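Only this structure's heavy atoms are used, side chains among them; waters, hydrogens and symmetry mates stay out. Below, chain A is the first sequence line, B the second, and so on; all start at residue 1. All of these numbers come straight from a predicted model, not from anything done at the bench.
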Amino acid sequence: MAPRKKASRDSNQVPNPLTDEDRVELFRSMVGIREFEEQVQRSYLEGLVHGTTHLCNGHEAVSSGVIKALRPDDYISYTYRGHGHCLARGMDMEAAFAELFGREDGVCGGVGGSMHLTDIDKGLIGAFGIVGGGLPVAVGAGLSAQLAGKEQISVGFFGDGAANIGAFHESLNIAQVWNLPVLFVCENNLYGEFTRINHTTPYEDLVIRARGYAMEAVQVDGNNVEEVYAAASVAAMRARGGGGPTFIEAKTYRHRGHSRTDPAKYRDPAEVEAWMKRDPIDLYRKELEARGVLDDAGADAIIEELRAAAKEAADRAAASEWPSADQDFMAKTFA
Amino acid sequence: MAPRKKASRDSNQVPNPLTDEDRVELFRSMVGIREFEEQVQRSYLEGLVHGTTHLCNGHEAVSSGVIKALRPDDYISYTYRGHGHCLARGMDMEAAFAELFGREDGVCGGVGGSMHLTDIDKGLIGAFGIVGGGLPVAVGAGLSAQLAGKEQISVGFFGDGAANIGAFHESLNIAQVWNLPVLFVCENNLYGEFTRINHTTPYEDLVIRARGYAMEAVQVDGNNVEEVYAAASVAAMRARGGGGPTFIEAKTYRHRGHSRTDPAKYRDPAEVEAWMKRDPIDLYRKELEARGVLDDAGADAIIEELRAAAKEAADRAAASEWPSADQDFMAKTFA
Amino acid sequence: MATQEMTYREAIVLALQEEMRRDPTTLIMGEDIGESEGPFKTCQGLLEEFGAARVRDTPIAETGFVGASLGLSLTGYRPIAEIMFADFLGVAFDQIVNGIAKHRFMSGGKVKTPIVIRAIGGAGLRFAAQHSQTAESWMLSVPGLKIICPSNPEQAYLMLKAAIRDDNPVLVLEHKALMSMKGPVPVGTEDIAMPTGPNILRQGSDVTIVGSLAMVGRSLGAAELLKDEGIEAEVIDIQVLRPMNVELIADSVRRTNNLVVVEEQAPTGGWSSDVVADVVSQAFDYLDSPPARVTLPDHPLPYSPGLEDAMLPSPEKIAATAKALLE
Amino acid sequence: MATQEMTYREAIVLALQEEMRRDPTTLIMGEDIGESEGPFKTCQGLLEEFGAARVRDTPIAETGFVGASLGLSLTGYRPIAEIMFADFLGVAFDQIVNGIAKHRFMSGGKVKTPIVIRAIGGAGLRFAAQHSQTAESWMLSVPGLKIICPSNPEQAYLMLKAAIRDDNPVLVLEHKALMSMKGPVPVGTEDIAMPTGPNILRQGSDVTIVGSLAMVGRSLGAAELLKDEGIEAEVIDIQVLRPMNVELIADSVRRTNNLVVVEEQAPTGGWSSDVVADVVSQAFDYLDSPPARVTLPDHPLPYSPGLEDAMLPSPEKIAATAKALLE
Ligand SMILES: Cc1ncc(C[n+]2csc(CCOP(=O)(O)OP(=O)(O)O)c2C)c(N)n1
Ligand SMILES: Cc1ncc(C[n+]2csc(CCOP(=O)(O)OP(=O)(O)O)c2C)c(N)n1
Ligand SMILES: [Mg+2]
Ligand SMILES: [Mg+2]
């Protein structure tokens with residue numbers, strides 16, 4: 001095995017090195033997310049997805065890489081741009097589509113919507129539509145994990161834009177003071193909605209922010225899924241062992257606009273082009289092919305399979321019933 | 001003149017070196033604050049001050065030193081523990097006492113109270129009772145100063161405890177991104193109410209927090225008024241020149257409890273003793289005497305004078321009328 | 001002054017533009033409002049005309065920039081803060097209720113705080129529970145704050161201009177479902193005054209229907225339905241939620257003897273209860289029926305389109321409620 | 001179970017103690033609540049008995065620790081968050097209204113969020129504008145939240161225990177002016193239920209007076225004054241603000257035919273309007289007079305003792321209001 005590129009000073013001690021099966025699984029995970037999102041876009045244009053939706057194309061290596069490093073009883077909080085995290089964690093595609101379509105079979109019965117996919121049984125504790133809003137919740141889950149004493153951890157995913165809001169600050173400080181097993185995973189895609197990071201933050205390397213909390217931190221290529229995995233594995237190991245939280249900055253890029261039909265005209269074409277060349281799925285495919293883990297046909301087959309799976313799941317979801325307006329909503333409000 | 005101790009790498013370039021008259025003024029400023037607060041405590045025990053009050057005994061060098069570095073058109077925001085800032089800026093003692101006593105002649109007509117002394121004509125833009133609440137306001141005043149283009153600056157005073165709240169974070173980030181002329185002055189007295197900093201913050205040197213914003217920062221001995229002055233002068237010069245904000249951590253200690261009659265039993269007696277030995281007024285008195293700027297009798301005379309002045313101001317304030325409940329409060333609510 | 005047909009959104013843009021031209025101490029802050037001109041395009045052309053110093057893209061930090069508006073107002077500026085979705089008022093809440101709304105009073109009436117907070121709220125666009133609130137009831141009880149709600153392009157224009165000229169903190173709640181509503185706007189109006197109470201939009205003698213924002217149009221729709229049944233509804237736009245003044249509504253009720261209030265919020269804690277309570281105390285003897293309220297149900301708003309539609313007060317439901325009172 | 005005389009504050013401590021003993025998944029977070037036992041001493045002895053893992057001093061970061069309670073509740077714990085002054089609910093507001101209150105609903109009813117937020121509010125102690133609010137009206141319109149208000153030691157004890165056992169987010173508003181009120185408390189009660197509506201504290205046939213928290217005692221005081229004039233007031237403690245249920249009040253009004261609601265908040269946006277609106281719709285034909293409300297004035301609370309006292313609804317003012325209805 002070729003030596004893996006170092007993600008940080010610790011990444012050469014990855015606790016659970018990947019097998020080839022793991023690698024194929026990672027590839028499948030990313031492709032699954034991509035094909036799901038592509039189908040969401042098509043479904044959106046067909047009028048099946050309502051209101052708004054925030055696609056994560058381009059970010060697949062972050063969700064797939066981090067979540068691969070987790071155990072089944074770990075907790076994850078994420079955002080309105082959270083389809084990828086849910087799928088990487090095993091959310092059923094049909095249930096996810098049905099939620100986006102507002103149907104009864106949706107993972108939240110159609111009342112949550114695209115921004116709020118939640119599946120507590122998988123540790124998917126919530127998708128937060130208020131920027132930064134999920135981080136205190138991740139801290140709470142981290143405290144829970146610490147108290148339970150079962151080496152669980154909690155992960156809070158968030159964007160670069162979220163690093164400027166108060167909830168972020170309070171969360172990182174509390175996690176550090178209480179030495180909580182929390183991974184703060186910043187998906188730095190350089191934009192908060194339509195505004196580039198340089199307009200809102202004093203620098204582009206958000207890993208710097210962790211210094212203010214004296215928190216362990218690492219910056220990774222968020223388009224390199226194994227590098228993400230390695231960093232998350234190390235951080236998870238540290239957290240499970242009582243070593244406290246880690247800030248992981250994953251440099252990535254969103255391929256599409258912020259939401260819906262945003263054409264993202266505010267981005268420099270050269271920047272877009274440079275990043276599109278670094279598509280995390282293409283990169284990994286090349287790496288796996290170079291390593292002989294997958295061949296071209298094998299990779300194509302996976303893509304075909306998952307594209308078809310997404311399409312079928314969407315079709316089934318589109319056939320699902322609308323939720324009844326006569327149901328007992330108060331029972332959904334109060335337990 | 002003996003070389004001044006270095007506060008930071010820049011402090012040997014203090015833009016406006018102090019004259020002996022300045023030094024006496026600084027001493028008077030600190031003594032005035034101390035005598036005011038001592039009188040507040042007596043008045044509190046006599047039932048003249050209502051509700052609660054937060055004394056700043058021990059912090060005098062911070063307010064006096066920073067405010068000495070300001071120009072008349074600069075802006076200052078501060079906290080419930082804000083009597084010192086107001087007095088250092090020239091608030092009339094009687095008007096301050098009258099406010100604490102809830103009288104008509106109070107600087108806010110008796111409706112503000114001990115936590116909310118405000119005097120806009122002196123640039124004393126507000127005392128904020130919500131921890132961290134004054135910092136966004138200081139940022140706004142800093143933006144105002146930047147837009148006006150008159151080399152004004154804005155200062156936001158706050159405590160160590162406030163460095164953990166969201167408003168702090170958002171304020172520092174905005175000030176840095178917008179390169180605003182704001183001095184963030186942290187009076188690190190090691191306690192937020194009854195809880196020591198080590199329970200709430202990952203370290204005791206809050207200057208570290210500034211790193212997360214890539215902000216210029218300096219730590220000073222908050223009980224050494226000239227060191228505070230020097231650091232503030234440098235930061236003010238930088239801000240006026242377009243160099244952006246500075247974080248100033250002033251290490252200090254409160255001599256009394258958090259508020260009212262809190263005996264502050266939660267503090268280690270050795271810690272209290274060590275700090276009481278470093279009373280900023282005693283230290284400066286010794287320094288001025290050693291330098292021959294003041295002699296013992298001169299220092300005593302200043303203390304006597306200001307003690308008497310505080311007493312008289314309190315007596316006059318106590319004789320002031322109660323505000324009428326029949327007045328037009330809506331006119332105080334809306335302009 | 002000329003009347004021009006335009007959308008609610010364009011009316012907002014025009015008001016901002018005219019007032020920013022008029023007064024160089026005005027400035028606007030918000031997320032993605034500069035080059036991107038705001039997610040709802042409510043700041044179209046502003047950056048180009050007024051430059052980056054006065055049209056400021058902020059970090060995602062509502063506490064920070066809303067709080068900054070207090071500092072600006074105390075030092076000679078007239079800041080306008082745009083809150084992209086009214087739901088996000090929650091993250092700036094403390095600065096609004098404990099800071100901005102109280103600062104003048106706590107100073108003994110010695111400072112002025114000319115601040116406008118514009119927030120775009122409301123349901124109907126399938127934005128689900130965290131992006132569909134009008135949110136005014138959160139602040140309805142906060143002394144020191146004015147709250148106004150434009151329900152059409154003319155009001156969007158006039159009210160925003162008035163708010164910008166007002167020397168006090170004004171929360172202007174705009175409704176996202178109204179953004180493309182068209183109507184005549186008296187362009188260039190210079191004689192501007194803050195609205196001080198409600199406004200009668202349709203006269204009628206049988207029942208008074210009061211609404212705000214998107215509920216005004218639905219109330220007018222209900223009036224049409226009622227007309228078909230021979231019932232003449234008077235429709236009133238509440239316009240000003242704070243300070244609340246129901247005299248005109250009480251007057252109307254003295255004529256119609258029946259009252260329905262329509263609110264796009266939960267049944268508890270909203271302004272419709274205030275209207276009922278105040279009207280009852282002012283016009284008790286004139287009421288032929290107990291005032292009725294049509295509100296959202298007492299749970300968060302669901303995402304699914306059919307569900308969202310079923311929750312919102314419809315013209316049919318409003319009309320039925322009014323009719324029931326008259327029976 | 002034995003009845004024991006104790007203060008409101010001691011009743012809070014006891015409820016916390018008993019429930020934390022009963023259920024190891026409970027824990028409490030707040031500022032200065034550990035060694036210092038809380039600024040109002042509402043956490044006396046807790047650290048000693050339950051240790052620092054379950055009695056947690058937090059940084060000054062209400063958004064952080066209130067939000068953390070949502071994460072804890074989703075993962076098997078029953079967190080209790082103490083907000084030192086109810087006024088500080090403002091800084092945690094978003095987490096409460098957009099997060100905690102909506103999370104179960106948005107999940108399709110699939111998660112449980114057993115969270116208690118205790119907040120100590122209220123006027124009368126000369127704490128001025130930023131430290132004297134009861135603040136409940138900020139959240140009165142927020143579906144998904146329960147809000148309860150204990151007005152005496154027994155209720156402080158029973159309600160807090162019930163809130164801790166409830167599987168939903170409950171905001172328990174305690175009043176700082178009641179902290180040293182003494183009364184009998186049924187120590188060790190195991191049969192606990194969440195209150196679902198108001199409670200009659202004094203029977204009377206002439207007028208119904210409804211209050212909450214410190215206004216309950218003042219209403220009882222008013223009833224004594226009225227008695228001297230031959231007027232029998234029925235005094236009702238609203239107890240539960242959310243979900244609001246006024247049936248018992250409407251029943252009472254059907255007997256007394258007159259209603260006064262006393263609220264320690266501004267005249268707009270508070271629960272007294274909801275009570276009036278709901279009672280009017282349920283008992284319209286039984287009302288002999290328009291329901292009256294006694295509230296704070298529509299400006300922030302002033303500091304000066306005489307001013308503060310003049311603002312608060314006094315027994316005299318409540319009695320005079322009731323009397324005026326009967327004239
Ligand atoms: C408190 C708050 N303010 C504003 C918004 C509107 N908003 C939604 S997403 C977003 C940008 C967030 O950027 P980032 O954190 O980088 O995440 P990304 O969308 O790039 O994944 C904004 C401003 C919001 N949801 N919440
Ligand atoms: C948001 C908020 N939370 C809690 C409080 C209660 N409180 C008042 S002062 C204080 C401690 C503040 O400590 P620090 O910032 O260090 O300032 P110091 O009092 O030491 O000067 C606390 C917790 C408050 N006023 N505001
Ligand atoms: Mg981003
Ligand atoms: Mg401190």
Side-chain angles (χ1 to χ4, degrees), chain B residues 73 75 77 99 104 106-113 115-121 123 125-130 132-148 152 154 156 165-175 177-178 180 323 328-335, chain C residues 24-25 27 29 51-54 56-79 81 91-95 97-115 142-146 166-170 194 242-243:
Chain B
D73 62 349
Y75 304 116
S77 92
E99 189 59 36
E104 194 173 57
V107 70
C108 307
V111 309
M115 289 198 263
H116 303 297
L117 300 180
T118 299
D119 190 350
I120 194 75
D121 295 334
I125 64 174
F128 294 82
I130 306 296
L135 293 177
V137 185
V139 165
L143 175 53
S144 168
Q146 186 185 62
L147 291 169
Q152 286 162 290
S154 163
I165 200 161
F168 162 89
H169 178 68
E170 299 189 12
S171 299
L172 269 80
N173 185 63
I174 292 175
V177 180
W178 290 355
L180 299 181
D328 182 3
F329 285 106
M330 289 318 293
K332 293 198 160 156
T333 309
F334 291 125
Chain C
T25 67
L27 69 153
M29 299 181 284
R54 290 178 65 201
R56 307 187 73 94
D57 271 337
T58 66
I60 307 171
E62 285 83 357
T63 287
F65 75 81
V66 169
S69 68
L70 177 53
L72 282 158
S73 76
L74 292 169
T75 59
Y77 286 82
R78 304 183 81 82
V91 292
F93 197 74
D94 170 69
Q95 286 292 327
V97 305
N98 287 320
I100 286 171
K102 295 183 171 54
H103 207 72
R104 173 176 163 82
F105 183 84
M106 295 194 305
S107 79
K110 294 188 183 161
V111 305
K112 277 189 192 168
T113 49
I115 299 167
V142 178
L145 204 61
K146 298 187 181 182
D166 198 274
D167 277 338
N168 299 290
V170 185
M194 271 291 276
R242 183 149 250 299

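- Taking CG of B:Leu143 as the reference point, atom CE of C:Met29 lies at 6.5 Å (rounded to 0.5 Å).
- When all heavy atoms are compared, the tightest approach of B:Ala148 to C:Tyr77 is N-OH, 3.5 Å.
- Neither the backbone nor the side chain of B:Gln152 comes within contact range of chain C, judged by heavy atoms closer than 4.5 Å.
- Between B:Ile125 atom CD1 and C:Ser107 atom OG the span is 12.0 Å, to the nearest 0.5 Å.
- Most heavy-atom pairs under 4.5 Å with chain B: of the set C:Arg54, C:His103, C:Lys112, C:Lys102, this distinction falls to C:His103.
- Ranking B:Val107, B:Val177, B:Val139, B:Leu135 against chain C, the residue ahead of the rest is B:Val107, based on heavy-atom pairs under 4.5 Å.
- Within the 4.5 angstrom heavy-atom criterion, atoms from both the backbone and the side chain of C:Lys110 approach chain B.
- When all heavy atoms of C:Gly64 and B:Pro136 are compared, the pair lying nearest together is O-CB, 3.6 Å.
- C:Gln95 approaches B:Val137 most closely through the heavy-atom pair OE1-CG2, 4.1 Å.
- Contacts with chain B were tallied for C:Gly71, C:Ser69, C:Gly109; C:Gly71 has the most, counting heavy-atom pairs under 4.5 Å.
- Of the atoms belonging to C:Thr58, heavy atoms from both backbone and side chain fall under 4.5 Å from chain B.
- Interface residue C:Asp167: backbone and side-chain heavy atoms are both found under 4.5 Å from chain B.
- Chosen from C:Thr25, C:Thr113, C:Val66, C:Asn98, the residue pairing most often with chain B at heavy-atom distances under 4.5 Å is C:Asn98.
- Taking CZ of C:Arg104 as the start and OG1 of B:Thr118 as the end, the distance is 12.5 Å to the nearest 0.5 Å.
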Going through the distances and angles, do C:Leu74 and B:Ile120 end up as a side-chain contact (heavy atoms from CB on, under 4.5 Å)?
CA-CA 8 Å; C:Leu74 292 169; B:Ile120 194 75; 4.0 Å; yes
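- Nearest heavy-atom pair, C:Met106 versus B:Val111, reported as atom, atom and distance to 0.1 Å: O-CG2, 4.2 Å.
- For the pair C:Thr75 (side chain) and B:Ser144 (backbone), a donor-acceptor distance under 3.5 Å is absent.
- One finds the OG1 atom of C:Thr63 at 14.5 Å from the CZ atom of B:Phe168 (value rounded to the nearest 0.5 Å).
- The nearest pair of heavy atoms linking C:Glu62 to B:Glu170 is N-OE1, 3.6 Å.
- For B:Ala331, the part sitting under 4.5 Å from any heavy atom of chain C is the backbone (N, CA, C, O) and nothing else.
- At a 4.5 Å heavy-atom cutoff, the contact between C:Pro243 and chain B is made by side-chain atoms alone.
- For B:Ile130, the part lying under 4.5 angstrom from a heavy atom of chain C is the side chain only.
- Heavy atoms of C:Ile100 lying under 4.5 Å from chain B are absent altogether.
- Taking each heavy atom of B:Ala335 and C:Asn168 in turn, the nearest pair found is N-OD1, 2.6 Å.
- The parts of B:Phe334 that come within reach of chain C are both its backbone and its side chain, each placing non-hydrogen atoms under 4.5 angstrom from that chain.
- Between C:Phe105 and B:Phe329, the two ring planes are tilted [angle within 30° to 60°].
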